[in-house]
Structure formats: structure tokens, C-alpha cells
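Chain identifiers are assigned alphabetically (A, B, ...) following the order of the sequence lines, protein sequences preceding nucleic acid strands; residue numbering begins at 1 within each chain.
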2 protein chains.
Amino acid sequence: MLMPNNTAFEHAQATHDRMNGAQSLACLFMTSAMETIAAGKAICWEGDAAKHLFQVVEGVVRLHRIIGEGRRVITAFHFPGDLIGASLQSAFLFTAEAVSDCKIRRVSRKSFHDEIARSDALRPVYINLLCEETAAANNQMVLLSKLNAEERLCSFIVKLASRSDAKMQHGLLRVPMNRQDIADYLGLTIETVSRTITKLASRNIVVPEGRHDLRIVNLSRLVQLSGNGDDFSDKTCHSVSLH
Amino acid sequence: MLMPNNTAFEHAQATHDRMNGAQSLACLFMTSAMETIAAGKAICWEGDAAKHLFQVVEGVVRLHRIIGEGRRVITAFHFPGDLIGASLQSAFLFTAEAVSDCKIRRVSRKSFHDEIARSDALRPVYINLLCEETAAANNQMVLLSKLNAEERLCSFIVKLASRSDAKMQHGLLRVPMNRQDIADYLGLTIETVSRTITKLASRNIVVPEGRHDLRIVNLSRLVQLSGNGDDFSDKTCHSVSLH
DNA sequence: CGGGCGTTTGAAGCGCGTCAATACGGGTGG
DNA sequence: CCACCCGTATTGACGCGCTTCAAACGCCCG
């Protein structure tokens, strides 16, 4: 059976599921105090004991690892509702930093797992979350393995735009992270990200408005270019509507 | 606290844990009939309903995804004791094929999850497995993001050599997969893999003996080059001994 | 021993990285 | 409200590492 790899659609689906998952697991964080993290500040550090899990309440968080000299890899961005550290065993495998000003809650790993063990309802939700995290990591592996700069960028923008909470008034997409963050997430340099956006703008597909907003002019083109490839272009792109 | 990113060591650790995990979960497969899969044959297909999980009993399995035209990405190799499909929800996100002649067992997803739900002992083992799968995927993301061809190759070889079941008689390492498999796993072309091995051979670090064996001449050099980077080179490389 | 596929080697091209200069934009202070 | 300033982003020129295309080699099995 032929399966159009409609990344945008796939992702919308995954996002939806994750939201549900987070909704259910969210109750574990309800009693915790809200913490405010200023943009750029760290929430936890790679290598430290993972004594807590965090829930993003507001803002965007990046997870990254530093390898040798100055090489930084961003392995994920987390948005309101998402959990940080669900798939950890003992130590943090990443540093988490606020991309924008954030509000978060935390619970101890022990009490989190106790609650999961106690509740037959929560357990499948948690397992679901872990599976989705693996699936997301696998998708990113594909992106980093085989997509070129333009495909990576388009795929990234489509994914952002597919988020249900994306601010999409009149085709204007908020991009909270800066160019360097995007570059480190997509395995490119800041210059290549910049040039690729410029190229997309010249073809009137997306047009930057300020540093943190993108006007999505031609979404179907964007989906086509996002490397979910196949020749289904016209059929699939209509299934993603942002209005 | 400074943390040398000793990939080889990390991996040996992870492998060890996974073995334990598989050991415990293995009992779920004990009653299933053994199936024989010839090298190159598929075990399951991307997109199909994931009605079963598989356990590799003998041989090596590759998981891959095809994206557009002829681009193939191998997302993982699985070895004896490993489970295939543990992190899936409904559909296979990859095609699984035997790299070498394999023996596998299967159980239905439903009965697998029933057993997991029933057993308080198995559940943490299963969760552990999911977490390790995510961690492995994240490590691969780092490799694909930031390592060059030589670092990727060395990292791959070290990882193979660190497997407890690696046939390492007299420094000879069995490499069951062919060059194309390695290339698609490391995000390179077959030519680059070949050239990089040749270069390593000329520096007397690893020397190929036939298509499926590598003589590890200078393991500490190999670990240094594997891009776990840092300046800990001399201290860390001694911690991996294969004799 | 001989064919065929997997692998190695070579030569040429290109996409992305690197380095450097310029432009922008958002925040501050006059 | 505008001028200034600094960090971020853009643009340009150039080089390198990997890919691409093509040919020769060699391992493995009949």
C-alpha cells in the first residue's frame, strides 16, 4: 500500500496526540509551583542528576548537547504542554535552556514514576509519550541524513506551522528561536539558514517579517519542498489548511 | 562536573543495560516459534500495521526508511537479544530486513502489552528499553549533525567493537553489514565509506580483511578519532579494553 | 575457472562551510 | 522622538569535503 509521507499531516497528528498525552500527565504538575525562566537561562544541565521532570507552561525551550570545541547540537524544541526529561533514566543527556521567557513546573522523578506506577490510566499515556519521542528522533535522523538545506528549512517551517498553538493570524508564523538555534537544530550553519530563507523569499514562498516572524505565502509549495517528497504534491498539500 | 563524553564506554554501558532488559523481556518470546529469515529478506514493512513485535535471536537486522527517489536511511541495526518494534504505536515506521541470515521470534503487540501491563517486574524493564531507544536515536542525531566522515566511521566501528557479543578474537572484528548499509546508516555514500576505511588502513588504525572483517590495530586511536572529542583522549581510551 | 556483484579508486563538480564585511533592528539614553 | 550602539542577521568571496559519475578491481560462489 502506497503511503504518502505527508510530514505536515503526520506531525499535526503527532502534535495532537502529544497534547492529549501532556493533558493527562499535566495533572502531575498541577500542585507544583510555577517557576519563571528568563530567555537564555538554563533549566538543567547535561550530565547532572535528573532529579526532576519539567513541564513547559509558557514559552519555548531548547535541548542541546555540546560536543568538543564549539559544536552545539539542538536535539529538540519543547513547547507549552510538553514534558522535559520523560525519557531519562538517571542523568540529563542534554542542557535545557529557555528560548524565550518561560514558565515551567517541576516534579521529582521519583514521585512522577510513583504516580505512573500507581495509575493504570496514566501509564499508557506515558508510554505513548516515550514512543512519540522516539518517533520524533527518528524523523530528525532522516532529516539530518538525507535532506538538503532547503528541504530541512521547509520541513522545519511546516512543522512549526502545523503546531495547533502556532500563532497563524493571516498567514503570519511566529518563530521564537533565532537563526543560530535553527541552524544547530537542522545541522546547518547560520549563514546557510539565512541564505536559504532569502532564496525562499525571492521565490515568494515564505517572507521574513522582522527576525521572529515568517509570512507563509505559498504553503503547498513549502510542503512540496519539505522533502516528504513523493509525487503526491498536489493531493497532499491541500490536506493541510491553516485557515 | 566535567563529563568526558566517552562514547565507547557510554555505549558499552547502554549495550549492557539493553541486554539485561532484553533478557527479562525475552521470556515473553520463549513460547513463540522460531522463524528463519534469509539474508536480505524483509521481516516487516514501513506503513503496515504493527501487529507484532520481534525478537532477534540470531543474525543482524537493519531498520530503514525510504524517502523519495532512491534515498534510504538506516535508522538502526538490531543484534541478537534486541527487540524490534518496542517503540511503535500502530504502524511500522520502518522496514526491517535481515542483514545476514536470521532467526527471530514474534509475539502479538496486544499480548505483549497485556503482559507488560500485568507484570510489575517487566514494566520498568520495558520503560527502560524505550528510554534507551530514545537515547540511541539522540546519539545518532549528534553523529549525523556534527561529525565528519572519519569521525562517523570510527564511532561506528568502536560501537560495533564494544558489543559484548562482538567476535573479537585477536583483534578481528566481524562487520556483518555491507558498505552500502554502513553508508546509509552514517549518512554518507558508499564511496566515502570506502575511501575513509582506506585512509584509516593507510594510517594503520584498522585494516580490512575481506569484506566483512576489520582488524583493529590501534583501538585507542580509533576512540580518539570517533569524535567523542574532548581532550581526555589518553585517559579515556584506556578505559576501553577488548582483551 | 569464470561470471557477477560488491567494492575500490579516480576525476570532476557542487553544496555547504568558513571567513570577513556590511546591514539591520531593537533597546537605551539623551 | 531621534541618535546611537551592540548583538543578530545578511550578503559576498572562496575553499574544502563530500557527492557524483565512471571505470577497474577483487572477492565469493557456482
Length of the line joining [X]:[atom1] and [N]:[atom2], which is rounded to integer Å:
X: Leu186(B); N: dT19(D); atom1: CG; atom2: P; value: 11 Å
X: Leu144(B); N: dC16(C); atom1: CG; atom2: P; value: 16 Å
X: Leu200(B); N: dT8(C); atom1: CG; atom2: C1'; value: 15 Å
X: Glu209(B); N: dC28(D); atom1: CD; atom2: C1'; value: 17 Å
X: Glu150(B); N: dC16(D); atom1: CD; atom2: P; value: 17 Å
X: Ile190(A); N: dT8(D); atom1: CD1; atom2: P; value: 9 Å
X: Lys199(A); N: dT10(D); atom1: NZ; atom2: C1'; value: 14 Å
X: His212(B); N: dG26(D); atom1: NE2; atom2: C1'; value: 14 Å

Exercise. Reckon Ile197(A) touches a base, only the sugar-phosphate, or nothing at all at heavy-atom distances under 4.0 Å?
Worked result: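 No contact.
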
Exercise. Taking five pairs at each end of the helix from dC1(C)-dG30(D) to dG30(C)-dC1(D), what angle separates the two helix axes (nearest 10°)?
Worked result: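 Answer for the end axes of this duplex: 40°.
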
Problem set entry | side chain to side chain contact (heavy atoms under 4.5 Å, CB included) between Val193(A) and Arg152(A), intermediate numbers included | CA-CA 9 Å; Val193(A) 169; Arg152(A) 292 181 197 197; over 6 Å; no

Exercise. Can you tell me if Lys146(B) uses its side chain to pair, donor with acceptor, with the backbone of Arg72(A) under 3.5 Å?
Worked result: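 Present.
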
Exercise. Among Gln55(B), Arg106(B), Lys103(B), which one satisfies side chain to side chain contact (heavy atoms under 4.5 Å, CB included) with Met34(B)?
Worked result: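 Result: among Gln55(B), Arg106(B), Lys103(B), Lys103(B) is the only option passing the side chain to side chain contact (heavy atoms under 4.5 Å, CB included) with Met34(B).
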
Exercise. For the side chain of Thr189(B), counting heavy atoms from C-beta on, which of dC18(D), dT20(D), dG6(C) is nearest?
Worked result: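 It is dT20(D).
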
Problem set entry | dC19(C) base / Glu191(A) side chain donor-acceptor hit below 3.5 Å |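 Pair found.
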
Problem set entry | Donor-acceptor pair (no angle test) under 3.5 Å: Arg195(A) side chain, dT18(C) base |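 Check passes, donor-acceptor contact within cut-off.
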
Problem set entry | Test log, rule side chain to side chain contact (heavy atoms under 4.5 Å, CB included), inputs Leu225(B) and Leu200(B) | CA-CA 10 Å; Leu225(B) 295 173; Leu200(B) 290 174; 4.2 Å; yes

Exercise. Are the charged groups of Glu35(B) and Lys41(B) less than 4.0 angstrom apart, N to O?
Worked result: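 Judged by the 4.0 Å cut-off on N to carboxylate O distance, Glu35(B) and Lys41(B) do not form a salt bridge.
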
Exercise. Side-chain N or O of Thr198(B) less than 4.0 angstrom from OP1 or OP2 on dT9(C)?
Worked result: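 Looking at the OP1 and OP2 atoms of dT9(C), one of them is under 4.0 Å from a side-chain N or O of Thr198(B).
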
Exercise. Would you say a side-chain N or O of Thr192(B) is under 4.0 Å from OP1 or OP2 of dC18(D)?
Worked result: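 No, Thr192(B) has no side-chain N/O under 4.0 Å of OP1/OP2 on dC18(D).
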
For this session: Give every residue pair that meets the side chain to side chain donor-acceptor pair (under 3.5 Å) criterion with at least one member in residues 204-214 of chain B, sequence neighbours excluded.
Result: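 Listed once each, the pairs are Arg174(B)-Asp213(B), Glu209(B)-Arg215(B).
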
Exercise. Quick one: OG on Ser226(A) to CD on Glu150(A), what's the gap to the nearest 0.5 Å?
Worked result: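 Reported to 0.5 Å precision, the distance equals 10.5 Å.
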
Would you list the protein and nucleotides 24-26 of chain C atom pairs, both N or O, that sit under 3.5 Å from each other?
residue, atom, partner, partner atom, Å
dC24(C), O2, Arg211(A), NH2, 3.1

Exercise. Between Glu133(B) and Thr134(A), is any side-chain donor less than 3.5 angstrom from a side-chain acceptor?
Worked result: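 Looking only at side-chain atoms, Thr134(A) and Glu133(B) do not form any donor-acceptor pair under 3.5 Å.
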
Problem set entry | Over all atoms of both residues, closest heavy-atom pair of Ala183(A) and Thr189(A) |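 Taking every non-hydrogen atom into account, CB-C, 3.5 Å.
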
